[in-house]
Amino acid sequence: MPEDHPVNFTTAHDETVLDAPSAEQLDALELADHDAEALRRIAARWPTLLDAWAGLAECADDPVDAYAYARVGYHRGLDALRKAGWRGSGTVPASRSENLGFLRSLDALRAAASAIGEEEEAQRCELFLYQLDGNWRAHLPGQV
């Protein structure tokens with residue numbers, strides 16, 4: 001985390017939790033198991049399902065494809081956050097599984113931006129992740 005970017009944390013009462021995916025959506029995601037073609041079909045059927053966009057970004061071989069999928073998940077996620085009452089501040093805890101599709105999309109956007117040389121964007125994404133949940137890394141798949 002760059003030292004020249006302060007992180008402002010908010011209190012727990014400013015917490016936003018997104019709507020949970022349906023049981024049918026969760027079953028489809030589980031069956032897809034990082035299969036890009038299956039995830040494409042899921043995203044086409046449920047274009048607002050953030051976990052599908054995050055999964056597509058995470059399994060993309062090409063960083064430009066990953067960037068595009070992650071950006072869709074990020075923007076769809078911002079729409080979902082606003083619908084859930086988020087007004088640009090407050091936490092979006094990674095400890096809540098409902099929020100992981102958005103946070104995974106944002107993390108994938110961070111990684112893809114870095115991979116294509118967009119370091120400023122990668123740093124903004126990382127700062128945003130820390131502002132949303134200072135412990136986000138501990139809750140995302142494959143993170144330490």
Linking I/L/V/M/F/W/Y whenever any side-chain heavy atoms sit under 4.5 Å apart, do V17 and Y74 land together? no
Kindly write out the residues that satisfy side-chain contact (heavy atoms from CB on, under 4.5 Å) with D27, not counting sequence neighbours, or none if the list is empty. none
When you compare the side chain of T91 with that of D14, does any pair of heavy atoms fall below 4.5 Å? no
Around E119, counting heavy atoms of other residues, nucleotides and ligands shown, do more than 12 lie under 6.0 Å from its CD? yes
Is R87 reaching over with its side chain to a backbone N or O of R82, donor-acceptor style, under 3.5 angstrom? yes
Examine I116 and L109 and state if one hydrophobic cluster contains both, with Ile, Leu, Val, Met, Phe, Trp and Tyr joined whenever side-chain heavy atoms are less than 4.5 Å apart. yes
Kindly give the heavy-atom pair with the smallest separation between A112 and P63, and that separation in Å. CB-O, 3.8 Å
For A28 and I42, work out which heavy atoms get closest and say how close. O-CD1, 3.3 Å
Student check: side-chain heavy atoms of L132 and F102 closer than 4.5 Å: yes
In this structure, would L18 and L129 fall into the same cluster of hydrophobic residues linked by side-chain contacts under 4.5 Å? yes
So, N99 side chain and A94 main chain: donor-acceptor pair closer than 3.5 Å or not? no
Minimum heavy-atom separation for G101 and L50, please, with both atom names. C-CB, 3.7 Å
Should L29 and L49 count as side-chain neighbours, where that means a heavy-atom distance under 4.5 Å? yes
How close do P21 and D51 get, counting heavy atoms only, and between which atoms? CG-OD2, 3.8 Å
What is the minimum heavy-atom distance between R76 and T48, and which atoms define it? NH1-CG2, 3.1 Å
Determine, stepwise, if the pair D133 / V92 fulfils side chain to side chain contact (heavy atoms under 4.5 Å, CB included). CA-CA 6 Å; D133 183 338; V92 179; over 6 Å; no
Minimal non-hydrogen separation, A122 against A113, with atom names: N-CB, 3.9 Å
Mind checking whether R104 and W136 have side chains closer than 4.5 Å, heavy atoms only? no
Relative to the ring of W86, is the ring of F128 parallel (under 30°), tilted (30 to 60°) or perpendicular (over 60°)? tilted
Same hydrophobic cluster for L81 and Y130, using side-chain heavy-atom links shorter than 4.5 Å among ILVMFWY? yes
Any link between V64 and L106 through a network of hydrophobic side chains (Ile, Leu, Val, Met, Phe, Trp, Tyr) touching at under 4.5 Å? yes
Heavy atoms, side chains only, cut-off 4.5 Å: are L56 and W53 in contact? yes
Is a side-chain N or O of S114 found less than 3.5 angstrom from the main chain of R110, in a donor-acceptor match? no
For atom CD of E37, is the number of surrounding heavy atoms from other residues, nucleotides or ligands below 6.0 Å larger than 12? yes
